[in-house]
Amino acid sequence: MFDTHVNLHGEAFAEDLEEVLARARGGGVRRFLAICDRFDNFPSVYAIASANADMWCSVGTHPHHAKDFTHVTAQMMIEAARDPKVVAIGETGLDFHYGYSPEKEQVSSLLEHISAARDTGLPLILHTREADDLMADILEAEMAKGAIRPLLHCYTGGEGLAQRALKLGAYFSVSGILSFKSAKDVRAVMGDVPIERIILETDCPYLAPVPMRGRRNEPSYLVHVAEALAALKGMPVDEVKEITEANALTLFDKVGAA
């Protein structure tokens, strides 16, 4: 399996990161993608990826922090992405639920990330919450200017954004949310997304899947995300693991070329 979204550079794993990674490897996780949440955290994220042969990273700024990084340009991310360990742009996007950054700054940051993704040809990792219509509008408009490769990560959006994104060739990642009893809407939407467009993630240390709810999430729990997707699709777990890993390597093709 390939855990395509791990947040390992914070305090949650400061004391036992090596043990966490060992458990994951023992449980069948063969690759990890460490996510950059703030541009000033990129050196820390990159350092963890560089220290592990089976780990790569992204470069970007989460929409929550867009207001604090208005100086970050597409060119700055393009320069960082020249490194072989940097295989994706983001996490970027739009989040109007919390509104930690104003809409204007979020959109401006997203457009810089899109420009960087288009220039580098790397996948664009997108976070969307309560912004489905605007995200779909932006993706359609930007795709018309030149190809990008969107990944709607930890997807909890609606059917409308999902279908519009599918037409643009987007991929979707599923997390422990898929296993939550309350996530009927998420399962309904993902039930209509072809398995060929789905990859797995934990988004650790957040969103621990059933039966690990309430614990710190970690990459070794990715198997439970695979089990939830297998149940949804009515497929054997091993087949789901194989297909989603192949999908992830197709999307993050810089990993496969390493």
TODO: Output, in order, the C-alpha distance, side-chain angles, deciding distance and verdict of salt bridge (Lys or Arg N to Asp or Glu O under 4.0 Å) for Asp83 and Lys254.
DONE: CA-CA 11 Å; Asp83 191 282; Lys254 195 173 173 181; over 6 Å; no
Task: Thr73 vs Gln75, side chain to side chain donor-acceptor pair (under 3.5 Å): CA-CA, chis, key distance, verdict - done: CA-CA 5 Å; Thr73 64; Gln75 191 59 40; over 6 Å; no
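The hydrophobic clustering, which links ILVMFWY residues whose side-chain heavy atoms are closer than 4.5 Å, places Met1 and Val225 together. Under a hydrophobic clustering in which Ile, Leu, Val, Met, Phe, Trp and Tyr are joined whenever their side-chain heavy atoms come within less than 4.5 Å, directly or via other members, Leu232 and Met235 fall into the same cluster.
The closest donor-acceptor contact from the side chain of Arg149 to the backbone of Gly121 lies under 3.5 Å.
Counting heavy atoms of neighbouring residues, nucleotides and ligands inside a 6.0 Å radius, atom CG of Asp133 does not exceed 12 of them. Open room surrounds CG on Asp185; 12 or fewer heavy atoms of other groups in view lie less than 6.0 Å from it. Dense packing is recorded around CZ of Phe96, with more than 12 heavy atoms of other residues, nucleotides or ligands lying under 6.0 Å away. In Glu242, the CD atom is not crowded: 12 or fewer heavy atoms of neighbouring residues, nucleotides or ligands sit closer than 6.0 Å.
Using a cut-off of 4.0 Å between Lys/Arg side-chain N and Asp/Glu carboxylate O, Lys167 and Glu140 are scored as not salt-bridged. Classification of Arg216 and Asp16 as a salt-bridged pair holds, one side-chain N sitting under 4.0 Å from a carboxylate O.
Proximity of the aromatic rings of His64 and Tyr98 is defined here by a centroid distance below 6.0 angstrom, and this criterion is met.
Phe42 and Phe39 have parallel rings, their planes meeting at less than 30° on a 0 to 90° scale where 60° marks the start of perpendicular.
For residues 164-187, the pairs satisfying ring pair (Phe, Tyr, Trp, His ring centres under 6.0 Å) are Tyr155-Phe172, with sequence neighbours left out.
Here the options are His62, His127, His153, the test is ring pair (Phe, Tyr, Trp, His ring centres under 6.0 Å), and the partner is His5; only His153 passes.
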